[in-house]
Amino acid sequence: MSKGITSKNEDYSQWYNDIVIKADLAEHSSVKGCMVIKPYGYSIWEKMQAVLDQKFKDTGHSNAYFPLFIPKSFFSKEASHVEGFATECAVVTHYRLKNDGNGNIIVDETAKLEEELIVRPTSETIIWNTYKGWIQSYRDLPILVNQWANVVRWEMRTRLFLRTTEFLWQEGHTAHATADEAIAETKQMLEVYADFAESWMALPVVKGVKTPNERFAGALDTYCIEALMQDGKALQAGTSHFLGQNFAKAFDVKFTSKEGKIEHVWASSWGVSTRLIGALIMAHSDDAGLVLPPKLAPIQVVIVPIYKHDEELQKITSFVDELSAKLKRMGISVKYDNRDSQRPGFKFAEYELKGVPVRLAIGGRDMENGTVELARRDTREKQTVAQDGLEIYIAQLLEEIQENIYNKALNFREEHITDANSYEELKTLLDTKAGFISAHWDGTPETEQKIKEETKATIRCVPLNNKLEDGVCIYSGKPSKQRVLFARAY
């Protein structure tokens, strides 16, 4: 099986695209800017969904669903929100097609909507219009709702998983009686995302706060987790927003407090998307294909028989059936690939490309010796392992692989967080080492915008664990009390 994957050192962008396509994760659709997520790629998303959904429910949230279409007037009610999304909106203007008499289907010009509908780019407006009917008293609060949905943001330049016109995500929308409760919710969900990224995706992240220039449109504060990809670019892996009372005021959502006062509700929203699959690929994979952390791998163990005749295959299959049952009882997903249409070498290459963490090969001699050949995807090492107690060994190995993948990514990130003490040093680092660059900033949006225009680097976040230190802004020379993280990003 010829993988045909471009080396990441040669062309990182092409390397990424090659893996997405050749590992059967997704492909471009006939609708420009949209993608088809193929079964193997979608199974990764399903595993992500299952973990996150349980985490949301464990923290008291329930799932609901709101309309795909949002009246245009709703967007006009929160000025900064509409400004943030105005250039990305798809608009429905008519509701019917007709035959023009020449065999062509055209829009029926008489079927124009009284009010245009926006195809959901995010759901704050439709949800807060709905919450107005749900909330009258403090007894109705808090509302802790999550939605799994698709959204549309009209993108001119698209990349599979990372930036497409339509994508899948979840969006949490909560309503609270006090600012403190809403802020606590915002921070709690940031921790949920960070734990998922690090414990399940094996992806180390920096938790921080966005600058006013970079925060979500309509939010008072945006908290984020930022990850570093192997090309030294940053990727925003999740956001959690403290919305204050902005949407409650825009949609007149009020409640009677315990003290009998009429007050506006406080809000948060938070979300992650299928962009996480892109992060998974770019953070861990190599020139041989995908490298998947075991916790999110659709297939954790694949077993390939090597045999000369049917009798040998039957003996191998009998052992594999018993082993597979033991692994499945331990919650380990396993596939027995006994197809006779492909040779073992083809299968080895296929599962290496697809990032299956552990591969077992079992032949006639292995059955005689009571052994198997085991290959681990993260290091590509092979070893001979005894069949006795194999399921215990595999379970422990999967944990070791998960930890190894995380540590490798963590070491890479730590090696690529560099201090810059001058503007020239920042620019040099961006063009040579890349990664996160820690530097002083004067806190003004004007300085941030000028650095962005001149270097294509943005302030990814103000880290939550920042140490205060006196310094001067690398651009303006004005006083600064702490460093922020700059990087070029996806």
Side-chain angles (χ1 to χ4, degrees), residues 1 3 19 22-25 39-41 43-44 46-48 50-51 199-203 277 280-281 283-307 316-339 342-363 365-367 369-409:
M1 179 179 183
K3 295 180 183 178
I19 289 180
K22 295 179 184 297
D24 254 0
L25 300 178
Y40 192 65
S43 63
I44 297 173
E46 285 180 314
K47 294 204 79 167
M48 290 180 166
V51 176
S199 299
W200 293 83
M201 294 179 66
L203 183 66
I277 297 177
L280 204 63
I281 298 164
H284 303 314
S285 301
D286 59 25
D287 288 351
L290 275 177
V291 174
L292 293 175
K295 287 185 177 181
L296 293 179
I299 305 166
Q300 293 172 306
V301 180
V302 64
I303 306 172
V304 178
I306 303 173
Y307 58 94
I316 294 170
T317 299
S318 179
F319 167 74
V320 170
D321 287 346
E322 186 177 339
L323 175 63
S324 296
K326 291 177 182 177
L327 291 171
K328 289 175 181 176
R329 283 197 294 269
M330 298 170 75
I332 296 170
S333 59
V334 57
K335 178 177 180 178
Y336 180 39
D337 190 347
N338 60 353
R339 291 176 296 169
Q342 302 293 350
R343 297 180 65 83
F346 179 95
K347 297 176 185 178
F348 294 166
E350 179 182 11
Y351 294 115
E352 185 173 63
L353 173 60
K354 289 193 170 186
V356 176
V358 172
R359 185 186 76 231
L360 303 180
I362 307 174
R365 185 169 295 179
D366 293 303
M367 292 303 297
N369 296 335
T371 61
V372 301
E373 181 189 81
L374 184 150
R376 51 186 289 180
R377 179 62 184 88
D378 60 331
T379 62
R380 303 179 76 185
E381 295 173 332
K382 296 179 182 178
Q383 57 184 307
T384 301
V385 181
Q387 292 180 6
D388 186 38
L390 182 57
E391 70 280 5
I392 304 299
Y393 182 83
I394 288 173
Q396 293 171 344
L397 181 61
L398 289 171
E399 292 180 5
E400 181 184 324
I401 291 171
Q402 181 83 24
E403 185 177 358
N404 183 57
I405 291 174
Y406 174 81
N407 286 334
K408 183 179 178 182

| Passes side-chain contact (heavy atoms from CB on, under 4.5 Å), D366 versus F319? Steps please. | CA-CA 11 Å; D366 293 303; F319 167 74; over 6 Å; no

| message | Run the side-chain contact (heavy atoms from CB on, under 4.5 Å) test on I392 and K326 for me, step by step, so that the C-alpha distance in whole Å, both residues' side-chain angles and the decisive distance to 0.1 Å come before the verdict. | response | CA-CA 9 Å; I392 304 299; K326 291 177 182 177; over 6 Å; no

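- S43 OG to M48 CE: the interatomic distance, rounded to the nearest 0.5 Å, is 10.5 Å.
- In this structure, the side chain of E373 does not engage the main chain of T384 through any donor-acceptor pair within 3.5 Å.
- In terms of heavy atoms, P305 sits closest to I316 at CB-CG2, 3.8 Å.
- Side-chain contact between I394 and Q300: absent, with no pair of heavy atoms (C-beta onward) separated by less than 4.5 Å.
- For residues 397-406, the side chain to side chain donor-acceptor pair (under 3.5 Å) pairs, not counting sequence neighbours, are R376-E400, D378-N404.
- The two residues K347 and Q342 have their closest heavy-atom pair at CE-O, 3.4 Å.
- In terms of heavy-atom proximity, L290 sits nearest to S285 at CA-OG, 3.4 Å.
- The distance from atom CG of L390 to atom CD1 of I303, rounded to the nearest 0.5 Å, is 8.0 Å.
- Between D24 and Y40 the shortest heavy-atom distance is O-CB, 3.6 Å.
- Between atom CD1 of residue I401 and atom CD of residue Q396 there is a gap of 12.0 Å, rounded to the nearest 0.5 Å.
- Rounded to the nearest 0.5 Å, atoms CD (Q387) and OH (Y393) are 14.5 Å apart.
- In this structure, the side chains of L203 and L280 stay at 4.5 Å or more apart for every pair of heavy atoms.
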| field | Working for side-chain contact (heavy atoms from CB on, under 4.5 Å), residues Y307 and N338 | value | CA-CA 10 Å; Y307 58 94; N338 60 353; 5.9 Å; no

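- When each of V320, V304, I306 is checked for a side chain to side chain contact (heavy atoms under 4.5 Å, CB included) with I362, only V320 meets the rule.
- Taking OH of Y351 as the start and CG of D337 as the end, the distance is 3.5 Å to the nearest 0.5 Å.
- In this structure, K295 contributes its side chain and A202 its backbone to no donor-acceptor pair below 3.5 Å.
- Side-chain N or O atoms of D286 include one that pairs as donor or acceptor with a backbone N or O of G289 at under 3.5 Å.
- With respect to E350, the salt bridge (Lys or Arg N to Asp or Glu O under 4.0 Å) criterion is satisfied by exactly one of R339, R359, K335: R339.
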| query | Does the side-chain contact (heavy atoms from CB on, under 4.5 Å) test come out yes or no for R377 and L292, once each step is laid out? | reply | CA-CA 8 Å; R377 179 62 184 88; L292 293 175; over 6 Å; no

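- Using a distance-only test at 3.5 Å, with no hydrogens or angles considered, no donor-acceptor pair links the side chain of K47 to the main chain of P298.
- When all heavy atoms of P357 and P294 are compared, the closest pair comes out as CG-CA, 3.8 Å.
- Annotation: side chain of L353 is in contact with side chain of K22 (closest heavy-atom distance under 4.5 Å).
- Taking 4.5 Å as the limit, some side-chain heavy atom of L360 sits within range of a side-chain heavy atom of L323.
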